[in-house]
Participant: 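Quick one: the structure is below, questions incoming.
Here the structure is a predicted model, which means the values were calculated and not measured. Here is the naming used below: chain letters follow the sequence lines, and residue numbers restart at 1 for every chain.
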Number of protein chains: 2
Amino acid sequence: MSEQTFPSRPTLEAVAERAGVSRATASRVVNGGAGVRAPLADRVRQAVDELGYVPNQAARTLVTRRNDAVAVVVAEPETRFFSDPFFAQQVRGISKELTAHDNQLVLLLVEGTADYDRVGRYLAGGHVDGALIFSLHAHDPLPELARKAGIPTVFGGRPGWAETDRDRNALYVDCDNRGGARTAVRHLTGLGRRRIAHISGPLDQTASVDRLDGFRDILPDADPALIAEGDFTPDGGERAMAELLDRCPDLDGVFAASDLMASGALRVLRERGRSVPGDVALVGFDDMVQVAQLTDPPLTTVRQDIEEMGRLMARLLLRSLDPRRDAPGALPLSSVVTPTHLVRRRSA
Amino acid sequence: MSEQTFPSRPTLEAVAERAGVSRATASRVVNGGAGVRAPLADRVRQAVDELGYVPNQAARTLVTRRNDAVAVVVAEPETRFFSDPFFAQQVRGISKELTAHDNQLVLLLVEGTADYDRVGRYLAGGHVDGALIFSLHAHDPLPELARKAGIPTVFGGRPGWAETDRDRNALYVDCDNRGGARTAVRHLTGLGRRRIAHISGPLDQTASVDRLDGFRDILPDADPALIAEGDFTPDGGERAMAELLDRCPDLDGVFAASDLMASGALRVLRERGRSVPGDVALVGFDDMVQVAQLTDPPLTTVRQDIEEMGRLMARLLLRSLDPRRDAPGALPLSSVVTPTHLVRRRSA
DNA sequence: GCAACCTATGAGAGCGCTCTCCCGAGGCTG
DNA sequence: CAGCCTCGGGAGAGCGCTCTCATAGGTTGC
């Protein structure tokens, strides 16, 4: 049925010949045309149009050593990547910033252990100029792969070794997890709640640990039975909430480390006949559109600007790829911690 | 804070020198090592390891004219791309097949009109060997862009012009939308339903039109008031269902063109006090895990194997990139229509 | 009016790789 | 044992582009 044929593309040489100039001049025009007199430049541009010339990216990359492409690496099962709006928002922010600077986004999903090899080869193969890595778990080999590949990297979320191991010089963007958690818990204590539980994220991620630390900052003597570990999914939130209710039926407040987990917790609370916020006040984290506002009751939550964080990650990476980019006064080349703040709705 | 330095990569020349062979031999070993005697090959492999050599992809592409990368182009707002599990499943199928053949997936999202330019340039720039395009709407410029770029393309879902405009020779993978719709509607009539409504997808997509056609095959005299157009989202399903109930309060069956829309319809039916399947029997389309089985009641629906369709798309594209791949007897190089079948659950 | 100086253009090297040729060494046949 | 074939390995061209460097022509200054 199909017999697609694909003629070979015109080369710069062909353009130059048609315009009656040298390849060098044609190249100059194609790349902005600085220092080429108008009549010549016009002839070249016309030749480009007539031939439908598009530069061969491989040849260009070979000499400039730039790809104008950036890898986004996600160490999370595809299922979660596609179902958790967190990633969608972050990728959108990244995507906007990258396309604004004519960079291409290459998505690399890491599912099985075997994928690490493939990703390592890809990063080292010179396909991309830099990497954005997020959802990093402890002992994940990705940072090492990126380092070996020798390409600039920016992390979404503080890597575990960022503080201890200074010379590895991680560049990251994260929100003020600990401060946000403190605000959330303080809000609950302010409401007079006395038995406050915490549903944490997976404790091999710094975001989870930091939020737990914030919780403990306010409640240093909290009963360990009041803390359950989730996995940032609604199901995980359900499981953790059920566990907590079994252990401490008298709890009257819950701080969940994500809105998605809070939504799961909410379902379990309702099933078990607890009113929210009457019996149990509930605070989430993220202020995820499509989640926090749609639950019943809508979630009081700690807002972080996820899309903006994505944008910052991309900007940071682009700057470390080319320090001259957006000149003085711009973003300094260092990690960024964005602020959080409490959004009060009806769940607490 | 950050001062990342990036040493230049070892070249094939360096490997050859270290192994005491010519560049040609080193290249042979790196690419499979056919026709190189074992001791030499081993020396080369050792040199590769010691130097941490990784081939420069740009140089390789320049001469082979292959990228081993394929673009996946989605003409749908990011929001829908990330929230609709349909895409997730399709991309997963594609991703599996591509990685199995050492091909890289490059995701291109098209949101605004401005993005078409960027995507066109990208496809024409020789970054990728082929393109997979899905969620095509009528009059979308993407097919033309891909054609101009001169790269093989496979569509997810039959493009509108595939039947009429033979010489454009579209290669596509689709499910038997019309047949599936017929099965769904026949099931409803078989249950004794007499006022059967249809919530269609956006009618500028062939999948929507085909499903509507299937509906009409069984009910050629259906009241036009019993047909409402949705947009494949839960919200669209809600709106359409509300409309239908306003127009025809006596309807007793609904065939929704997607599970997501069916889930929205279900909410509206419940709100309006209609029991399902008692008052209104409801059939969806897709058999989307995480949707059809989780609604209350679970959806009777038309199953299509979305992941498999993704896999087929990728396989078809890989074959048209390199006809020698997976030798005789394999997939013929022509469009594929996959079967559908009814999955009975409780909603009808 | 001539030296000194620009500035626009061209010539050409080379980025790192693959692949086609070609040569030489060994094994076979007659 | 000569002649032929085979097959492993090397030499080298060139993929399409960018960028440095040299050059030609025009300008300026004294």
Side-chain angles (χ1 to χ4, degrees), chain A residues 6-45 47-48 51-69 121 124-127 129 149-150 322, chain B residues 6-45 47-48 51-69 121 124-127 129 150 322 324:
Chain A
F6 303 100
S8 68
R9 299 289 171 54
T11 71
L12 192 56
E13 189 77 52
V15 171
E17 194 183 347
R18 187 179 192 105
V21 300
S22 73
R23 206 172 54 237
T25 299
S27 174
R28 280 190 269 262
V29 173
V30 168
N31 293 291
V36 178
R37 256 187 286 255
L40 267 200
D42 286 344
R43 286 221 312 274
V44 172
R45 272 188 279 267
V48 165
L51 296 173
Y53 170 76
V54 179
N56 177 315
Q57 194 57 36
R60 185 177 264 178
T61 295
L62 185 57
V63 35
T64 61
R65 282 122 193 298
R66 275 187 300 98
N67 290 282
D68 297 319
R121 276 204 315 276
H127 295 80
D129 302 329
D322 178 7
Chain B
F6 303 101
S8 67
R9 299 292 169 54
T11 70
L12 191 57
E13 189 77 52
V15 171
E17 194 184 347
R18 187 178 191 107
V21 300
S22 74
R23 205 173 53 238
T25 300
S27 174
R28 282 190 265 263
V29 173
V30 168
N31 292 290
V36 177
R37 257 187 285 256
L40 266 201
D42 287 344
R43 284 219 316 270
V44 172
R45 273 188 277 268
V48 166
L51 296 172
Y53 170 77
V54 179
N56 178 315
Q57 194 57 36
R60 184 177 265 179
T61 295
L62 186 57
V63 34
T64 61
R65 282 120 194 299
R66 275 189 299 97
N67 289 282
D68 296 319
R121 276 203 315 276
H127 294 80
D129 302 328
D322 178 7
R324 292 160 314 182

Participant: Regarding C:dT9, can its base be found pairing with the side chain of A:Arg37 as donor and acceptor, where the two atoms are less than 3.5 Å apart?
Facilitator: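 Counting by modelled atom types and ignoring angles, no donor-acceptor contact under 3.5 Å is found here.
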
Participant: Could you give the distance from OG1 (B:Thr61) to CG (B:Asp68), rounded to the nearest 0.5 Å?
Facilitator: 7.5 Å

Participant: Output yes when at least one side-chain N/O atom of B:Asn56 is less than 4.0 Å from OP1 or OP2 of C:dC15, else no.
Facilitator: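 Negative; the distance criterion is not met.
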
Participant: If you check the B:Val63 side chain, which of C:dG10, C:dT18, D:dC17 turns out closest?
Facilitator: C:dT18

Participant: Closer than 4.0 Å, any side-chain N/O of A:Arg65 to the OP1 or OP2 of C:dG16?
Facilitator: yes

Participant: With respect to the side chain of A:Leu40, which nucleotide from D:dA13, D:dG10, C:dT9 is positioned closest?
Facilitator: C:dT9

Participant: OP1, OP2 of D:dG10 versus side-chain N and O of B:Thr25: anything below 4.0 Å?
Facilitator: yes

Participant: With respect to the side chain of A:Pro55, which nucleotide from D:dC17, C:dT9, D:dG16 is positioned closest?
Facilitator: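 Closest nucleotide among those given: D:dC17.
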
Participant: Distance check: side-chain N/O of A:Ser22 vs OP1/OP2 of C:dT9, anything under 4.0 Å?
Facilitator: no

Participant: Start at the 5' end of DNA chain C and walk down; is the nucleotide closest to B:Ala58 or to B:Arg28 reached first?
Facilitator: B:Ala58

Participant: With rounding to the nearest 0.5 Å, note down the distance linking OG in A:Ser22 to CD in A:Glu13.
Facilitator: 9.5 Å

Participant: Between D:dA11, C:dT9, C:dT18, which nucleotide gets closest to the side-chain atoms of B:Ala24?
Facilitator: D:dA11

Participant: Please determine, for the side chain of A:Tyr53, which listed nucleotide (D:dC17, C:dC19, D:dA13) has the closest atom?
Facilitator: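 The answer is D:dC17.
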
